[in-house]
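Computed from a predicted model, the values in this text were never measured in an experiment.
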Amino acid sequence: MQLASRNKTFKYGEISLTGKVFVYLLLLLGLCLFGFPIFWMISTSLKTLGQVHQQTLLPKSLEWVNFKEVFTTHPMGMYLWNTSWYTFLSMFGAAFSSSLVAYAFARLRARGSTVLFALILSTMMIPSQVTMIPQYLIFSKIGWVDSYLPLIVPSFGASAFLIFLLRQFYLGISKEMDEAVKIDGGGYFTIYFRIILPLSIPAIATAGIMEFMYRWNDLMGPLIYLSSQLKYPLSLGLASFRGAYATTPWNLLMAASFVAVIPPLTLFFFAQKYFIQGIVISGTKG
């Protein structure tokens, strides 16, 4: 089908010049709306505290010393290290365990598996506030409070949402390859590690990025279970900026916040291809 517009003929689905200009204006507006907070954070991190209170948009002079002061007056390096190893360990545990459970639901047939899968999905409808106190009492009884164990160990028990995401992906993988492996004498673990795992890198990368973002930005979990400042992650470290001074040093807080957002932005920049591919395939297959 073709649509005529004045002297030029457009194929169905094509956009005219006026339409393209309108679309780009919308994209530019969206960029300004979502990019302004980041611009404001960077601008504030390069100001003196007096300039911050003057509410000027741009700094009069670039105060790079704010970033140095963040690491000298506060243990920012320790916060980064604590957050990094705790986040990557939790990310690995959640992605790997969820992929195993999803593989079982997608490939193995057992009586009651559909009901069990529905039961797992139903846990996503339970607010975290409902289980917060029982979980704390359990971890307190076994002596895990003020350690990272309550934050890391549950991640190895899989995530309901990641199970659903990966199961949808596994359902789209042909089962004929499973039969070929069984003919050669391979078992279920051979199928998983030789067939399923290499083909599901985009989906597992998507699950890992989601878990990374959740753990990197998590405040409630560390706030409940951690009390020693030497164990603080970035979320609690940034919150301590407001309590360490009589007035909040917004320039230092924004400098620390900018340092904190660099790793997630870097990870998403290099892994966005796998993230988008995993979301699209998981949403269309099955």
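Put simply, the side chain of K231 never gets that close to the backbone of Y148: no donor and acceptor are under 3.5 Å apart. Between the W216 side chain and the A260 main chain, a donor and an acceptor come within less than 3.5 Å of each other. Side chain of S97 to main chain of G93: a donor-acceptor pair is present (N/O by atom type, distance under 3.5 Å, no hydrogens or angles). Between the side chain of S90 and the main chain of T87, no donor-acceptor pair closer than 3.5 Å is present. S98 contributes no side-chain N or O that, together with a main-chain N or O of A95, makes up a donor-acceptor pair within less than 3.5 Å. In this structure a side-chain-to-backbone donor-acceptor pair under 3.5 Å is missing from S140 to Y136. Side-chain atoms of S43 come within 3.5 Å of backbone atoms of L57 as a donor-acceptor pair (strictly under, hydrogens ignored). Side chain of T131 to backbone of S128: a donor-acceptor contact under 3.5 angstrom is found. Side-chain N or O atoms of D146 include one that pairs as donor or acceptor with a backbone N or O of S228 at under 3.5 Å. Using modelled atom types, no side-chain atom of S200 and backbone atom of A203 make a donor-acceptor pair closer than 3.5 Å.
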For M177 and L199, what are the C-alpha separation, side-chain angles and deciding distance, and is it a side-chain contact (heavy atoms from CB on, under 4.5 Å)?
-> CA-CA 11 Å; M177 292 183 286; L199 293 177; 3.6 Å; yes
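Checked by atom type, the side-chain pair Y192/S99 shows a donor-acceptor distance below 3.5 Å. Between the side chains of N66 and S45, no donor-acceptor pair is found at a separation under 3.5 Å.
More than 12 heavy-atom neighbours from other residues, nucleotides or ligands sit within 6.0 angstrom of CZ on F71. Around the NZ atom of K175, the shell of radius 6.0 Å holds more than 12 heavy atoms that belong to other residues, nucleotides or ligands. Enclosure of atom CE in M132 by more than 12 non-hydrogen atoms of other residues, nucleotides or ligands within 6.0 angstrom is indicated. In L27, the CG atom is crowded: over 12 heavy atoms of neighbouring residues, nucleotides or ligands sit closer than 6.0 Å. Other residues, nucleotides and ligands place more than 12 heavy atoms under 6.0 Å from the CZ atom of R109.
Sorted pairs that involve residues 17-66 and meet ring pair (Phe, Tyr, Trp, His ring centres under 6.0 Å), not counting sequence neighbours, are lacking altogether.
Taking the six-membered ring where tryptophan is involved, the planes of Y170 and Y103 are perpendicular, since the angle between them exceeds 60° and thus also 30°. Using the six-membered ring where Trp is involved, F92 and F156 have ring planes that are perpendicular, over 60° apart on the 30 and 60° scheme.
For the pair V181 and R194, the minimum side-chain heavy-atom distance is 4.5 Å or more.
At a threshold of 4.5 Å between side-chain heavy atoms, the hydrophobic network of Ile, Leu, Val, Met, Phe, Trp and Tyr places F193 and I204 in one connected group. The same ILVMFWY cluster, assembled from side-chain heavy atoms under 4.5 Å apart, contains both L80 and L267.
Applying the side-chain hydrogen bond (donor to acceptor under 3.5 Å, both in side chains) rule to E179 yields no partners; only residues at least two apart in sequence or on another chain are considered.
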